[in-house]
Number of protein chains: 2
Amino acid sequence: MRLVIARCSVDYAGRLTAHLPEAVRLIMVKADGCVAIHADGGAYKPLNWMNAPNRLVEGDGEWTVVNPKGEQLTITLHEVLSDSSHEMGVDPGLSKDGVEAHLQELLAANTGTLAEGLSLVRREYPTDIGPVDLMCRDADGRLVAIEVKRRGEIDGVEQLTRYLTLLRSDPAMADVQGMFVAQVIKPQARTLAATRGITCVEVDYDELRGIESNELRLF
Amino acid sequence: MRLVIARCSVDYAGRLTAHLPEAVRLIMVKADGCVAIHADGGAYKPLNWMNAPNRLVEGDGEWTVVNPKGEQLTITLHEVLSDSSHEMGVDPGLSKDGVEAHLQELLAANTGTLAEGLSLVRREYPTDIGPVDLMCRDADGRLVAIEVKRRGEIDGVEQLTRYLTLLRSDPAMADVQGMFVAQVIKPQARTLAATRGITCVEVDYDELRGIESNELRLF
DNA sequence: GTGTATATCTCGGGG
DNA sequence: CCCCGAGGTATACAC
């Protein structure tokens, strides 16, 4: 990784055009070629950047970075205050726990917590417009399409509605029901779901994990 | 801005939990206190981070960053290879051109390019569920609600549909039409729009800018 | 502060 | 390659 501290101005022309007036900033060039220009504040997002793959040309006081799509980043260096490189090697990568996929796994294994007698048909049930998180059958044998979110907002209800509309266009699934599951469901999402006949269920991630580990302990 | 190159491992506990095994990485601490941990690859997003406001405590070989929400980042330093600080001052900031707001402005001033005889009623027409980008009246005097996007995808059609449903619930607006405008409209969005009786129009940003500057030159 | 929409979103997975 | 969905999304803006 190369780190350059420089008084510079920057222009980007691509999906939009953007300009940065002259100031001291950090220019970060990573091993994969991606370039990011950071100010000394403002969260983790750089002011300007160019992702890999790209081509970096170091000219006389001016760097030009172009990518295959024709987007271009021009860095004009007025004064270089520091320029250093560091070997880092390949990063072993980040492991995460607690994202939607885990919630979905836990629910798939514990459909009974969502409704009495609910049983799993399959996870990631495929449709032409994307996968339904969980396809289940209720105690009466009716299909239930379930959308799982960490946070239940309007977008999720829209998504489930699209699936339901598509599924119901198949006569064999004309009576498929909808269920919206999240750790917290916002009132607006709940209201929209209600107008569309979609059942809302809030679940507790830690509680589910508890059930899971209890079962593991028993068997 | 402080830049530390160190062999470190990192743990985050907050909205999820995440762990980074030991490796050499860049730790960036900005003047506003935000912390970001970068690997030598993978675009501009850091592996882990903690936005301002937060509290950074440098212990013995271990940094702890906590924010008011109780999220916590723990950086264990196994070996510090470099540690430098740089004065940068306040950044003058980025100016952008070509985002949705500009497209909306241009269209508001040139509604005639969308349809013959179309005239603007108002921009950002307010509703209970958010603002309609452009409210217009067509040559026959009927209201037309217009959603403007840089790229026309399904989400935008859904958004416009929500507005139309709400607006039409008011008897005075029962016949409001829908129009979806973007520089490029994807086939899926176009199909969905068609099933909902929404007109799709693709516009050319550069051409609109040309019209605008021509008009400025004439007057 | 909540709600809504935007973003050069980024990033990953599947066809 | 595109499409689709998730994100510790972040960020701005209006009510």
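Every chain is numbered from 1 and lettered A, B, ... according to where its sequence line falls, protein lines coming before strand lines.
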How many Å lie between [atom1] on [X] and [atom2] on [N], as a whole number?
X	N	atom1	atom2	result
A:Glu124	C:dG12	CD	P	17 Å
B:Tyr205	C:dT8	OH	C1'	14 Å
A:Gln104	C:dG12	CD	C1'	15 Å
A:Asp155	C:dC9	CG	P	17 Å
B:Glu153	C:dT6	CD	C1'	12 Å
B:Ile146	C:dA5	CD1	P	17 Å
B:Leu160	C:dT4	CG	P	16 Å

Base versus backbone protein contacts along nucleotides 5-15 of chain D [heavy-atom cut-off under 4.0 Å; B, S, -]: SSSBSSS----
Considering only the [atom1] atoms, how many Å lie between [N] and [M], rounded to the nearest integer?
N	M	atom1	value
D:dG8	C:dA5	P	22 Å
D:dG5	C:dT8	P	22 Å
D:dT11	C:dC11	P	15 Å

Report each atom pair, protein N/O against N/O of nucleotides 13-15 of chain C, whose distance is under 3.5 angstrom.
none

Taking all non-hydrogen atoms of both residues into account, name the closest pair between [X] and [Y] and its distance.
X	Y	answer
A:Leu164	A:Gln177	CD2-O, 3.5 Å
A:Cys8	A:Arg25	O-NH1, 2.9 Å
B:Arg168	B:Gly178	NH2-N, 4.2 Å
A:Asn51	B:Ala43	OD1-CB, 3.5 Å
A:Cys200	A:Arg190	CB-NH1, 3.9 Å
B:Leu160	B:Phe180	CD2-N, 4.1 Å

Those residues of residues 181-194 of chain B lying under 4.0 Å from DNA chain D by at least one heavy atom: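 Contacts with DNA chain D under 4.0 Å: B:Lys186, B:Gln188.
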In plain terms, say whether A:Arg150 and A:Glu100 are close enough for a salt bridge, that is, a side-chain N and a carboxylate O under 4.0 Å apart. no
Does the pair A:Glu147/A:Arg196 count as a salt bridge with the N-to-O cut at 4.0 Å?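 Between A:Arg196 and A:Glu147 there is no salt bridge, as every charged N stays at least 4.0 Å from the carboxylate O atoms.
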Within 6.0 Å of CZ in B:Arg55, more than 12 heavy atoms from elsewhere: no
Crowding at OH, B:Tyr205 (>12 non-hydrogen neighbours, <6.0 Å): yes
So B:Leu192 and B:Glu158, do their side chains get closer than 4.5 Å, heavy atoms only?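 Yes. Closest side-chain heavy atoms under 4.5 Å.
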